Protein chains: 2
Amino acid sequence: MIENRRQVRTDGTGNADILETAAQCFMEQGFSATSIDDVARRLGATKGRIYHYYSSKTDLFFDVHREGLERLFQAVEPVMGIEGSGVVRLRAMLTAHAMAMMTNAAFEAVVVQGVHMHRMAATTPDQRRTLDDLIAIRRRFEGLFKQVLQEGVDDGSIRNIDISISAKAMLGAINWLSVWYRPASDETEMDRQMLAERIVTTQIDGVRS
Amino acid sequence: MIENRRQVRTDGTGNADILETAAQCFMEQGFSATSIDDVARRLGATKGRIYHYYSSKTDLFFDVHREGLERLFQAVEPVMGIEGSGVVRLRAMLTAHAMAMMTNAAFEAVVVQGVHMHRMAATTPDQRRTLDDLIAIRRRFEGLFKQVLQEGVDDGSIRNIDISISAKAMLGAINWLSVWYRPASDETEMDRQMLAERIVTTQIDGVRS
DNA sequence: GTCTATATGGTGATAGAC
DNA sequence: GTCTATCACCATATAGAC
């Protein structure tokens with residue numbers, strides 16, 4: 001589980017709506033082109049409501065980002081402990097990750113966008129800390145995959161590759177889903193599952209013994 | 001070669017400096033957090049100079065984007081025609097792509113950022129056309145890889161996979177370099193070559209027969 | 001907790017000197 | 001072709017009613 005949890009947010013006080021709507025706006029228009037008014041309008045409210053919960057647009061973006069990461073953890077961590085060799089578990093994790101990218105498309109699009117915000121100018125010290133937090137969480141997420149990759153190498157189910165590079169490449173292949181994946185209107189869970197399997201299979205075949 | 005060429009730009013009239021500097025700013029701070037004044041300051045000039053060549057910040061961003069794409073084509077197209085089976089040529093293309101991502105880190109970071117700009121609000125019809133242009137060029141780039149993948153499937157050097165999905169996944173793995181790759185201060189061409197080989201090898205092993 | 005105002009500032013963009 | 005000076009706008013953020 002994530003240590004750096006949000007304290008109160010998304011507790012059903014109406015805040016989850018803001019998060020969801022903001023995610024959608026940020027996905028469609030990007031951070032810069034999205035105004036607080038845009039989010040408010042889509043909520044059927046005014047910005048007074050948003051500023052009651054978030055002290056800035058950046059804070060809002062960061063909280064969407066954090067929620068996106070949390071959902072990734074919730075998808076991947078449970079399957080990390082299944083029975084099987086390293087490569088078997090790795091496959092399950094990658095598949096779960098891919099599914100989460102599609103299921104939570106808006107939130108994960110914000111995560112991918114957030115990855116580009118290195119030193120977003122004019123952030124307050126507080127925001128700087130929050131960003132560092134998010135970076136640490138992302139690193140922890142990558143760590144999950146590195147760990148299982150290493151276990152796979154140790155148990156012989158995965159070739160003797162460079163763990164760090166392979167992890168980044170595999171995660172890149174899957175994260176890239178957020179760039180091109182758009183759900184068809186009549187898309188089923190099965191369709192997504194099929195797509196996930198295909199992407200993951202080539203990634204797994206690239207590293208397995 | 002790219003058909004939709006810039007007409008005059010990057011012809012050594014001093015404009016190339018603007019492009020280079022803008023690329024750096026956009027890479028470090030992102031589109032929204034980069035002001036025209038930032039770019040000008042870094043150029044040791046004022047924004048008058050920039051507005052002499054570009055009519056808007058978006059236009060400038062788009063031109064950096066286009067230059068980034070052009071460099072990718074220049075890296076990949078030459079090796080596309082080498083002797084060898086589909087998988088051999090694919091490997092060479094992916095390696096060239098990965099090298100270009102690192103060599104032109106700033107420009108390619110803008111390309112990757114630009115991918116998120118779907119319907120950037122408030123663009124003029126003219127900018128909208130330019131964006132459509134860029135999207136078409138990106139698609140053409142992906143097409144190069146799909147073509148060679150297909151040739152590999154036909155000549156039996158590549159497994160019978162879904163071409164479109166595999167292309168996107170492989171390109172994602174390589175494009176993701178722009179997210180995490182930071183050149184070491186004493187890095188050599190050889191170091192980059194080694195890194196590229198490692199990434200590409202797992203991608204190739206994932207699809208070859 | 002959400003609204004309606006409003007202030008404030010920054011930044012994109014322009015005009016005109018040189 | 002580049003500068004200085006300035007405009008004009010708009011989005012962030014705030015204050016205070018309800």
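Numbers restart at 1 for each chain; the letters A, B, ... are given by sequence-line order, proteins then strands. A quick note: this is a predicted structure, and the numbers were derived from the prediction, not measured. When reading the values below, keep in mind they use all heavy atoms of this one structure, side chains included, and skip hydrogens, waters and symmetry mates.
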Note to self: Could you tell me how far apart Gln29(B) (CD) and dT11(C) (P) are, to the nearest whole angstrom?
What the structure shows: 10 Å
Check: Can you tell me how far C1' of dA15(C) sits from CD1 of Ile50(B), to the nearest Å?
Finding: 18 Å
Check: Whole-Å distance between dC9(D) P and Asp37(A) CG?
Finding: 17 Å
Next item on the list: Please test Asp59(A) against Tyr53(A) for side chain to side chain donor-acceptor pair (under 3.5 Å), starting from the C-alpha separation and ending with a verdict.
Entry: CA-CA 10 Å; Asp59(A) 280 359; Tyr53(A) 294 96; over 6 Å; no
Checklist line | Separation of dG1(D) C1' from His52(B) NE2 (nearest whole Å) | finding: 5 Å
Notebook entry, point to check: Who passes salt bridge (charged side-chain N to carboxylate O under 4.0 Å, His left out) against Asp191(B), sequence neighbours left out?
Noted result: none
Notebook entry, point to check: Choosing from dG12(C), dG1(C), dT14(D), which nucleotide comes nearest the side chain of Ser35(B)?
Noted result: dG12(C)
Next item on the list: Return the minimal non-hydrogen interatomic distance between Leu177(A) and Met101(A), and the atom names on each side.
Entry: CD1-CB, 4.2 Å
Check: Whole Å only: how far is the CD1 atom of Ile18(A) from the C1' atom of dT2(C)?
Finding: 10 Å
Notebook entry, point to check: Do the ring centers of His116(B) and Phe31(A) come within less than 6.0 Å of each other?
Noted result: no
Next item on the list: Taking only Lys NZ, Arg NE, NH1 and NH2, and the carboxylate oxygens of Asp or Glu, determine whether Asp38(A) and Arg41(A) approach each other closer than 4.0 Å.
Entry: yes
Margin query: Could you tell me how far apart Asp59(A) (CG) and dA11(D) (P) are, to the nearest whole angstrom?
Written below: 20 Å
Checklist line | Shortest side-chain distance from Tyr53(A), nucleotide among dT2(C), dA13(C), dA13(D) | finding: dT2(C)
Margin query: Measure CG/Leu60(B) against C1'/dG12(C) and give the value in whole Å, please.
Written below: 12 Å
Item checked: Integer-rounded Å distance: dT11(C) P and Tyr51(B) OH -> 12 Å
Checklist line | 4.5 Å side-chain heavy-atom contact, Tyr181(B) and Leu195(B) | finding: yes
Item checked: Glu83(A): salt bridge (charged side-chain N to carboxylate O under 4.0 Å, His left out) partners, not counting sequence neighbours -> none
Pull out every protein N or O sitting under 3.5 Å from an N or O of nucleotides 3-7 of chain D, one pair per line with the distance.
from   : atom 1 : to       : atom 2 : distance (Å)
dC3(D) : OP2    : Thr46(B) : N      : 3.0
dC3(D) : OP2    : Thr46(B) : O      : 3.4
dC3(D) : OP2    : Thr46(B) : OG1    : 3.2
dC3(D) : O5'    : Thr46(B) : OG1    : 3.4

Check: Just to confirm, is there a sub-4.0 Å distance from OP1 or OP2 of dA13(C) to any side-chain nitrogen or oxygen of Tyr54(B)?
Finding: no
